[in-house]
Structure formats: structure tokens, C-alpha cells
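Reviewing the structure listed below.
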Number of protein chains: 2
Amino acid sequence: MPRARPELPTLKKVAAAAGVSASTVSRVYSHPQLLRPETVTRVRAVADELGYVPHHPARALKTGRIGAIAVVVPDIANPFFPPVIRAAEDRAHDRDIYTLLADTDEMTEKEVTLLVQLQRRTDGVVLVSSRLSTEAIRNRSTLHPLVLVNRDVEGVSRVLVDTAAGMREAVDHLADLAHRHVVYLAGPSSSWSDGQRRAAVLDRAQRRGVRVTVLGPHRPEHDEGMRAAAAVLETGATAVIAFDDVLAQGVLAGCAAAGVRIPQEMSLIGCDDILAVRTAPPLTTVRGPSRQAGALAVDFLLRLIDGVREETVERLPAPLVVRETTGPAPA
Amino acid sequence: MPRARPELPTLKKVAAAAGVSASTVSRVYSHPQLLRPETVTRVRAVADELGYVPHHPARALKTGRIGAIAVVVPDIANPFFPPVIRAAEDRAHDRDIYTLLADTDEMTEKEVTLLVQLQRRTDGVVLVSSRLSTEAIRNRSTLHPLVLVNRDVEGVSRVLVDTAAGMREAVDHLADLAHRHVVYLAGPSSSWSDGQRRAAVLDRAQRRGVRVTVLGPHRPEHDEGMRAAAAVLETGATAVIAFDDVLAQGVLAGCAAAGVRIPQEMSLIGCDDILAVRTAPPLTTVRGPSRQAGALAVDFLLRLIDGVREETVERLPAPLVVRETTGPAPA
DNA sequence: TTGAAAGCGCTACCAC
DNA sequence: GTGGTAGCGCTTTCAA
């Protein structure tokens, strides 16, 4: 049975115990360079002895800075996000900023409520793959520092992983392998990335004389991909480009279940190159620098928080990585 | 270029605009039942009009409650954790409590620093799969409300996923299939779960007259499993029980690369039944109720925070789920 | 049912 | 280099 928890000492108590003023103790933690080094050492020793830990809300109340940012993603269980989150966390932590993680469960209304509450609990928000309307995003960004990842809204700082380029490469790759009919397995319709990818595929396919059948939208989940495999096979296409690796992995499983060999009978391309997705055979996919995206987004956000009122935009290239799920079109 | 951000109104401003006192506005948000309903409505309207959002640090300063908890995991990129985190988040959110997510990167010292800082930023912590010493954990729990997941420390409230039982079933399953030599592919040595699983495997194997070779420790990462496949094949064992699904998936890939068919030539069992891991063939594994574990941990924690000083322990059963990576021992 | 006032723990200004 | 003091935005007695 846990004992009663001892009260944490306040700054005042430390001051009394160390025989200095509250201001001095405060400076030990905030601006130690203003103090004589020996004072710092002495006060620190007393504070540690007493188990003093600065009380964050009080500091936040005074400074107006909360010392925390939020990272908001649609679905933390989707393996695309952890690397972004991790990188953002690390970057923020280096600056002594804490990271609140929130998950909107792919629900638009939850996203709005969340952002409103986050406004008073954080100094700013990194909003990843937002499902909100352009209008709503622009509006939020006037109320609270906001940086987008994978969402392209004019007037709002953003980091975009340019998978469209990779998708064009993907179509070229398939065309070069003599594929003439390709399925694009669409992701969530409110996803900016899906719009980009789909448009890139359609555009390049037309140029290369490749026919495209679009199936979807789909939630980016394994089961959806698996179920979609049947529909894919019905189209008579010889290759699939999936919205992301999760869907692609599902298609792989669905094809395996249907006895369709990959890449001999069907070629398959994913997107994101999620490390955790190690398929057999290894998946041809488009690789985006997701860690870099997370880190950059935090850099942009901290600049915004520091009052730099400028719109920053970064587009990160995402090239095609050819592995073993693509091969020549069956004769 | 973003415009200058308007200052958020304070409670006082709302009070002035609504022609009531600050106390009244405060009560609208904290204890509306003390007010005349029409007052609540009227003040709310004014507040919404002005875009008022309660300032959290100020509230925290006054009440002594921060209204946030933390969930600490070793590695957010490990797919075992997201379901736990999600469930914890949801449960906390239902109670109007925010969730801070922290990641220790599998580093013990980072874990300590983190917990100290979290002490003043949160009302309590759910510590998942901690790598800390028993001593350190017990000590922390006297300083700050703390609930463990998958770590068994007497005196500290905890939720344990009992994969040991599933591991015993796994050994029985293999023994019934005539396997006589099995590899246990160990996880991190500081992991409580690994200790449990390893002991269960060794114990039951001895009873069933099955020889066990322990290989490891391994970080629970795909590449480690893939590399371990070679060592597994060298032992001459006919089956592998891996610490978790991530390692198992790596072994699957490693065996495929080596031309070893599963389950015909080698049987394979994982642990955790991570939804995202959909392998081909589907993995025989031990399924733990990870969502339930996360939710329960939050329940326990909130009770602790509310001052209920009792140690609560819950063991959740994790049974074996037989799929297609296990078969009769090769002749 | 509502208002006035004190104060949570800390920082920052102004003295010294 | 260090101390005194006011006040951040809110909640919560107490009084009306």
C-alpha cells in the first residue's frame, strides 16, 4: 500500500532553507548566468536535497509560455505516423519543449474540438495529415501557431512530402515494364496526400498511354486492402498502385489468399516505405523522409511561436524505391 | 503571411462584457449547477462570441490539478504500443484529462529524467514496459502517482498482460506437433515481459521433454529478427518462439530469404498479435488485450490521483492464437 | 444566486 | 548579484 505522498516544496521553501530570496532561487533555474556560480551551486544543492521541482503551471502563468506543443495525427496506430511523431518529439525535447500527442481517430469534428482545447494547453500545434477543410485550417492558424504536415494550405506554414513525384516514377516504372492497365487504390478522400497521388498517377498514366481504374476511397488499413484485392483482380489490370504501404500490404495478403502470385501475375506498388512494413516479397514503394518532415515542422512551429510571422514552406522529395513486387506485365 | 494573432480574452474580459463578476464566469465553466441556467447560457454566449478559452495553467495553479497524465513507452514506433496508448488516451479524454506521450527511446537514464519532469507537468504517469530497476520504480511511485503496465513491482499498482500462460500453450502446441527442439528468441533483457515469457517457455518445455535453445537478447526490431534467422537455422531446432511479433516477422523474412519454408520446415510463434502485423502465412501468436490494459491503467491512475491509496493489480489473460506458421515437426 | 477578495507558485521589474 | 514586490488568470471561500 503506497504511503501518503509528501508535499513537494515550493520555491519559497527552498529560498528559506537556502537563506536566499525567492528571486534568487527562481534565477537559479531560469537565468543562472546572472548569479554567482557558487550561489547557483549552493541553492541547487539545497533544492535537490528537498526534492524541489519547478512547478510548471505557475511558470507558464507568469511567462505566458506553456512550454509544450502538440502533435495531432489522424491515427496513431497507422505506422506512417510514429516516425514523424518521434522526430517531432526529439526536436522539441532538444529545445526543452514538451510534446502532447493527440489522435483524432480520423474524425473531423474531434479534430476541431481538440484544436480549440489545445490552444490553451500548448504554445502551438503540428497538424499532420489534417482532414479539416482549408477554411477551418486557415482560420485556426490565425488563432494559434500552427504548422501543417502533408496538407497544402496557402498562408499556413507547411512541410509537404512530395509523393506525387514518386507516383509519377511509379507509373513510368510500370509503363516501362509494359503494363497497360493499372489500378489506383485510393486512400481517404479528405486526405491531401491522396489527392496528390491520384492526380499524379492519372496524369502520368495518360501521357504514357496507360489505362487507370481508380478504386476507393479506402481507410488506410490492412483489412481494407485485403478486401480490395478481389475488386482489383476483377478489373483485369496487371498492376496496382496503392495509396500507402498499409493498403498495399493488405493487397499482398489478399492476392496471396486468392492464389495470385506477385510480381509474376500482378505488380504492386505502395507508398511511404514504412520501416515496420517488411513484406515478402519486399515492397516496391515511394519513400518519403518522414522523420525529416516531423523535425522540420517543429522548427517552423518554434519559429512561429517566437513571433516570426512568416509563412514557411518546404517540399521534401519522395522517390520510388524499386524492390521485388513489380515485374514485367504478364503476357 | 499570417496576420498578428489576436490576444485571447481572459475571464475578466468576459465578465466585463457579460456584465457579471469574474466568479460567475468561472462558475459557468467549473460548477454551472450553482448558477441560474439562463445566466450560464448568457455568459456562454458572450464567451463564445469573444472566443474565450479557459487558460489551463492558471486553473492548474489554483486547483493543484494539472488535468493531464503522461503515458511513457520505450518506443512509439513499436507497433505493440499504439493500441495501449490509444486506449489510455481515450479513457483519459472521457474524463477530460489530457494525455502527454513520452518515449524513452529504450534508454534507462532518459526514463528517469523524464519522470522527474513529468512530476510537475502531469497529475500522474502510466509507465509501460519500463526498463527501470524495481528500486527506482518503487521510489518514483512514492513521489508521483504511477501505474505500471507489463511490469510487476510489489507495492505499485499495475496491469499485467499474462503472456506466460500463452507461452506455455505455445510450447504445448509445438510439443503436440512433435517438435523436440525449440529456439526461444529473447527480447530486451531489462524487459519484464521477456523474463516472464522465457521462464514460461523453459519451464513448460522441460516438463514436455522439449529442448530449448535461447538466443538473444534482441531489440524488438524487424532487422534483428531477420539477422537472427541464420542463428536459428544453425541450431537445428524445428521451431522458434519469438519474444514478439516484430521479431517473429523478421524471422519469417529471414527464413524466406534462406529458402526455408514456414511452416513445413520451420514452425514459428510470435507474441502480442499486433494488428498491423499481417504476415504471409498468418502468424501463430499469443494475443494480449493491449487496449484493455491501457484503459485499465488509466482507471487505476485516476483513482490514485483522486487520493485512493491502494495498490491495484490486474492480470489479463493472453491466450495462444493458432494460425498458419506452425505445423508438424519435419520428419 | 451572485460578487469581492485573497492567493495558488512563479517571474520580472525595479531597487539597492 | 541579490532582494522586494506586483501580478499572471483563475478558483474559492465568505458575505450579501
Side-chain angles (χ1 to χ4, degrees), chain A residues 6-44 46-47 50-68 96 98 116-117 119-123 144, chain B residues 6-44 46-47 50-68 96 98 116-117 119-123 144:
Chain A
E7 288 292 311
L8 277 183
T10 67
L11 183 148
K12 259 186 188 155
K13 292 222 164 59
V14 175
V20 295
S21 76
S23 325
T24 301
V25 181
S26 169
R27 283 191 273 255
V28 165
Y29 290 90
S30 315
H31 309 286
Q33 71 283 7
L34 296 179
L35 261 31
R36 255 210 337 267
E38 54 219 74
T39 312
V40 175
T41 321
R42 190 162 46 87
V43 174
R44 271 229 138 84
V46 176
L50 268 56
Y52 172 71
V53 187
H55 190 264
H56 223 85
R59 172 179 287 186
L61 181 56
K62 192 59 194 156
T63 61
R65 281 295 175 78
I66 296 185
D96 243 356
Y98 276 69
V116 171
Q117 298 174 323
Q119 182 168 3
R120 286 305 215 158
R121 296 179 166 265
T122 61
D123 298 321
H144 197 206
Chain B
E7 288 293 311
L8 275 184
T10 67
L11 184 149
K12 259 187 187 156
K13 292 221 164 61
V14 175
V20 295
S21 75
S23 329
T24 301
V25 180
S26 170
R27 284 191 271 254
V28 165
Y29 290 90
S30 315
H31 309 286
Q33 71 283 7
L34 295 180
L35 260 32
R36 256 213 333 270
E38 53 219 73
T39 312
V40 175
T41 321
R42 189 162 47 87
V43 174
R44 270 227 137 86
V46 175
L50 269 56
Y52 172 72
V53 187
H55 189 263
H56 224 86
R59 173 179 288 185
L61 181 56
K62 195 60 196 155
T63 60
R65 281 294 174 77
I66 296 185
D96 244 357
Y98 276 68
V116 171
Q117 298 174 323
Q119 183 169 2
R120 287 304 214 159
R121 296 179 165 266
T122 61
D123 298 320
H144 197 206

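Per chain, numbering begins at 1; letters A, B, ... match sequence-line order.
Comparing Leu34(B) and Thr63(B), the nucleotide of DNA chain C nearest to each residue sits closer to the 5' end for Leu34(B). Comparing Gly19(B) and Arg120(B) by the nucleotide of DNA chain C that holds the closest heavy atom to each, the one mapping nearer the 5' end is Gly19(B).
Using a 4.0 Å heavy-atom cutoff across all strands shown, Val20(A) reaches sugar-phosphate atoms only and no base atom. Tyr52(B) comes within 4.0 angstrom of the backbone, heavy atoms only, and of no base. If you check every strand for non-hydrogen atoms under 4.0 Å, Ser26(B) touches a base. Among the protein residues, His56(B) comes within range of no part of the nucleic acid, since none of its heavy atoms lies under 4.0 Å from any strand. Residue contacts shown for Thr24(B) are limited to sugar-phosphate atoms, with no base heavy atom under 4.0 Å away.
Interface limits on DNA chain D: the 5'-most and 3'-most nucleotides within less than 4.0 Å of chain B heavy atoms are dG9(D) to dT13(D).
Whole-Å rounding puts the Ile66(B) CD1 to dC10(C) C1' distance at 14 Å. The separation between Tyr29(A) atom OH and dC10(C) atom P is 10 Å, rounded to whole Å. As a whole-Å value, the separation of Leu35(A) CG from dA12(C) P is 14 Å. Taking atom CG of residue Leu11(B) and atom P of nucleotide dT2(C), one finds them 15 Å apart after rounding to whole Å. Here dA12(C) presents its P atom at 10 Å from CZ of Arg27(A), a figure rounded to the nearest Å. Rounding to whole angstrom units, CZ of residue Arg42(B) and C1' of dT1(C) are separated by 12 Å. Distance, Glu38(B) CD to dT2(C) C1': 13 Å, rounded to whole Å. Rounding to whole angstrom units, CG of residue Leu61(A) and C1' of dA12(C) are separated by 13 Å.
Distances shown here put a side-chain N or O of Ser30(A) below 4.0 Å from the OP1 or OP2 atom of dT11(C). Checking the phosphate oxygens (OP1, OP2) of dT2(C), a side-chain nitrogen or oxygen of Thr39(B) falls inside 4.0 Å.
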Which pairs would a plain distance check flag for residues 26-38 of chain B, meaning a side-chain donor or acceptor within less than 3.5 Å of a matching protein atom at least two apart in sequence or in another chain?
from, atom 1, to, atom 2, distance (Å)
Ser30(B), OG, Ser26(B), O, 3.2
Arg36(B), NE, Glu38(B), OE2, 3.4

Arg42(A)/Val20(A) under side chain to side chain contact (heavy atoms under 4.5 Å, CB included): CA gap, chis, key distance, verdict: CA-CA 10 Å; Arg42(A) 190 162 46 87; Val20(A) 295; 4.1 Å; yes
Apply side chain to side chain contact (heavy atoms under 4.5 Å, CB included) to Lys62(B) and Arg59(B), showing your working. CA-CA 5 Å; Lys62(B) 195 60 196 155; Arg59(B) 173 179 288 185; 5.9 Å; no
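Counting all heavy atoms, side chain and backbone alike, Arg121(A) lies closest to Ile66(A) at O-CG2, 3.3 Å.
Listed by chain and residue number, Thr24(A) satisfy the side-chain hydrogen bond (donor to acceptor under 3.5 Å, both in side chains) test with Ser21(A) (two or more places apart in sequence, or in another chain).
Proximity of a side-chain donor or acceptor of Asp123(B) to a complementary backbone N or O of Arg65(B) within less than 3.5 Å is not detected. Put simply, the side chain of His144(B) gets close to the backbone of Thr122(B): a donor and an acceptor are under 3.5 Å apart.
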